[in-house]
Enquirer: 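Can you read through this structure? Questions will come right after.
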Amino acid sequence: MSRCLLVSNRLPISVNVTEKKMTINSGGLVSAIRGLSSEKVGFDFEWMGIITNQIEKELITQMSLDSICNMKCHPLYVDEKVFHDYYNLYCNNVLWPLFHYERSMVRHNQEGWKAYCEVNKIVAEAITEEASEDDIIWIHDFHFFLVPTFIKEKRPHLKVGFFLHIPFPSSEIFRELPQRKDILNSLLLCDQIGFHDLSYLNHFRSSVQRVLGGVQPREEVLGVYPISIDSELFHQLARRNETSEFLKTYQSHKKKMRWILGIDRLDYIKGLPLKLSSYKSFLKKFPEEHKKIQLVQIIIPSRIDVPEYRILKEKIEQKISSINGEFGSPDWVPIQYIFNSVSEFELSALYQLSDVLQVSSRRDGMNLVSLEYVISQSPEQPGVVLLSEFAGAHSTLSYAMSINPWNIQETAIKMKEAIHHPLQKRKQEIKSMQNFLFGYNSSDWAKLFLRDLLWRPNENVKKSNTFSNGNFPWMEKLKSKKVLMFFDFDGTLSPIASRPKEVKTEAKTIELLQLINNSPNSEFVIISGRDKEFLEEQFIDHDLGFRLAACHGAYSYSPKDHTWVNLIPNGPLKWKENVIEIFDLYTKRTPGSFIEDKGHAITWHYRQSPREFADFLATKLFYELEEHLANSPVQVSRGKKIIEVKSMNANKGFFVQNWIQSSHNKPDIVLAIGDDATDEDMFSVLQGRNDIESFCIKVGKDKSLAHFHIDEQNQVNQFLERVLIAINSK
Ligand code: GDG
């Protein structure tokens, strides 16, 4: 198994030097990465992080192999003073506030930057010493923006990925940073850069363009990978005996009271004063709710030695006591406040017992607490998530009730709505969000990122495999051979059109196809995802005499017999109802999208919908369908602005396989050409056969199983011309 070196500021474990006891650190990054399993993701993970105590370093090195987090840990020693300047003066006083839009909190300083460079260099050196050629490096978060520079100076070929756990701010904010160029230039050296949200990626791109004077980041290295949680683990946690103990105790205190829960680290980004103001407004507006509701606010101590955080704590505590003083009574405390960490069992019990979770972050990279809350809800009595629209999780949790935490009055009204949200709706909404989280957990997050990091075609090979000079080296071979060809239609023989029904094939293409069709020794089939009626209109009505396959090969047309043959036995398509129900939910939310029923396949089209929003929902829909249909005889695929569910047998791969198998006259060479995900099935079948020489060609620059590329659809006619010449030359 390949090794992936994870690099983050802190290791996931701390050691109590006197007691020699190891504990797992809490926090967003640790929660996500703890859930990764080597088997699920396909890498041997080892973790590198900073330690400022030599004894602790020794202890971790000794204990590391069987550590609680199941990953080997490499502690990197940094002198305490240098660490202090790097962490407090630069990470926490400059980067953290600036990246969270808290400009008034930024304290620019030179010592911090100096230490930041020094620590980044130490970390990079440790990585270059440890890593072998085949290892990949995955750097986490804003603490190590410069590590890519220092690694690539020494080891330019090491694969380096970077994931940012906090927002990337608008270029208007970012460009204020004195060290902006060093940071951007370093990130641009990475082989993959990941963000939680599309808006962060867009901000990064525009910052590069503005700050580095028109430099364009390579699009293929930028990606959006919203982090997730170990959903299964949280689900199980809710059922553990230790959790039940807490549930029992709290239930007896809670009785009929409704709980609004808050779990936030002590930080100004979490918007705690805003949350308290909205709760106060709620209590003022709705006296009928008094004594029926409690805000249970847990604040996890953090950076308490920093004056700004101490001041924040005092402000929060003053607000809490003033609200309790103003509205409370001997038999009711409006806010239950805890300033402490809680165990994971207690956390799970609190999630389960609370009627509403409120997240009021002013800015938050993602916010895992909201995801954990969703997954911990029972299907019978689920709660509601009130979620700040400034948290990255807002794009993931599509059914959360969104709030603008700055709008105190409106948030107060939303709190009332959340408490009384009808049970039926809560059930549907939580179910849909849980399905999403079960289908996309922290291992999937890592897998997607690492797959993109690893999958980078070798540029040199790619060049000789593209049709840029109007030729492929193997085309010579076609002469005097029996050639069988499979041509996809949309995006291959004809350009993608925004209204699928209005597509017309160019006269030149038709002419070339006719000439190929009349050439001896060659045969082709146009194989499309379209239905029979459409292909009839395009080809049969004009009497072109082409062999056709509709609905991804579910139906085949022979010009000799003038008939369509159904290649898939007709059976009840039970899964269709289920799919249409889900598609409907997404169609409702996505203007311009529509559903097309093709018989053996159903397609959701979103070409005319708002681009970013629809792309995002499509990703969720895809995972939701995969989850829902895991046991159905169907295949879910994502094409160009479409999501399609088709009967397992309606598959271009099966069609190609069957065609070759049943042909009396076996071809010497097979060509397959297509532009989208469904064509990958043909490529995969052909490349798996050793008995026939085949050439698979992808139209477009996207990743593909095909070894050859035609970059643009408008080059396909030129390709057909070359094929025509090759098959007719003696
Ligand atoms: C950064 C970004 C992004 C907290 N208190 C306790 C406890 N926790 C666990 C929670 C959750 C995690 O810590 C907090 O995660 P968040 O995502 O809410 O926040 P940050 O620590 O600020 O993380 C953030 C994250 O990175 C990941 O990319 O989402 O936006 O700021 O998992 O459960 N766990 C236990 N007791 C506690 O008292 N057991």
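Indexing begins at 1, ligand by ligand and atom by atom, following the structure's order. Just so it is clear, the values below take in all heavy atoms, side chains as well, and ignore hydrogens, waters and symmetry mates.
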Enquirer: Please indicate whether Glu219 has more than 12 foreign heavy atoms, meaning atoms of other residues, nucleotides or ligands, lying under 6.0 Å from its CD.
Expert: yes

Enquirer: Measure Ile227 to ligand 1 on non-hydrogen atoms and call it side chain, backbone, both or neither using the 4.0 Å cut-off.
Expert: side chain

Enquirer: Out of Arg363, Arg265, Glu372, indicate the one that has the non-hydrogen atom closest to atom 11 (C) of ligand 1.
Expert: Glu372

Enquirer: Could I get the full list of ring-ring contact (aromatic ring centres under 6.0 Å, His included) partners for Tyr399, not counting sequence neighbours?
Expert: none

Enquirer: Quick one: do Arg107 and Glu308 make a salt bridge, cutoff under 4.0 Å?
Expert: yes

Enquirer: Side chain, backbone, both or neither: which part of Ile300 comes within less than 4.0 Å of ligand 1 when only heavy atoms are counted?
Expert: side chain

Enquirer: Which heavy atom of Leu371 sits nearest to which heavy atom of Ser228, and what is that distance?
Expert: CD1-CA, 4.0 Å

Enquirer: Got an N/O contact under 3.5 Å between His100 and ligand 1?
Expert: no

Enquirer: Measuring from atom 35 (C) of ligand 1, which candidate in Val342, Ile338, Asn340, Val359 has the nearest non-hydrogen atom?
Expert: Val342

Enquirer: Geometry only, no angles: is Leu368 polar-contacting ligand 1 at N/O separations under 3.5 Å?
Expert: yes

Enquirer: Determine, for Lys313 against Glu317, whether the closest basic-nitrogen to carboxylate-oxygen distance falls under 4.0 angstrom.
Expert: yes

Enquirer: Geometry only, no angles: is Met366 polar-contacting ligand 1 at N/O separations under 3.5 Å?
Expert: yes

Enquirer: If I apply the N/O under 3.5 Å rule, does Ile269 come out as touching ligand 1?
Expert: no

Enquirer: Can you find a non-hydrogen atom of His196 under 4.0 Å from ligand 1?
Expert: yes

Enquirer: Would you check the N or O atoms of Leu347, main chain and side chain alike, for any that come under 3.5 Å of an N or O of ligand 1?
Expert: no

Enquirer: Is it the case that ligand 1 has an N or O less than 3.5 angstrom from some N or O of His165?
Expert: yes

Enquirer: Do the side chains of Lys254 and Asp355 get close enough for a salt bridge, i.e. N-O under 4.0 angstrom?
Expert: yes

Enquirer: Applying a 4.0 Å heavy-atom criterion (strictly less than), which segment of Lys270 is in contact with ligand 1: side chain, backbone, both, or neither?
Expert: side chain

Enquirer: Using a 4.0 Å cutoff against the non-hydrogen atoms of Ser341, which atoms of ligand 1 qualify?
Expert: 38 (O)

Enquirer: For ligand 1, which atoms, with element, lie under 4.0 Å from some heavy atom of Gly365?
Expert: 30 (O)

Enquirer: Taking 4.0 Å as the limit for heavy-atom contacts, which would you say applies to Asp364 with ligand 1: side chain only, backbone only, both, or neither?
Expert: both

Enquirer: If you measure every N or O of Trp96 against every N or O of ligand 1, does any of those distances drop under 3.5 Å?
Expert: no

Enquirer: Can you confirm whether more than 12 heavy atoms, excluding those of Arg103, are under 6.0 Å from its CZ atom?
Expert: no

Enquirer: Show which atoms of ligand 1 fall inside a sub-4.0 Å distance from at least one heavy-atom site of Glu344.
Expert: 39 (N)

Enquirer: What I want to find out is whether Asp135 reaches Lys159 closely enough, with some N-O distance under 4.0 Å, to be called a salt bridge.
Expert: no

Enquirer: Partners of His196 by ring-ring contact (aromatic ring centres under 6.0 Å, His included), sequence neighbours excluded?
Expert: Phe163, His165

Enquirer: In plain terms, say whether Arg303 and Asp267 are close enough for a salt bridge, that is, a side-chain N and a carboxylate O under 4.0 Å apart.
Expert: yes

Enquirer: Near Lys280 NZ, under 6.0 Å, is it more than 12 heavy atoms from other residues, nucleotides or ligands?
Expert: no

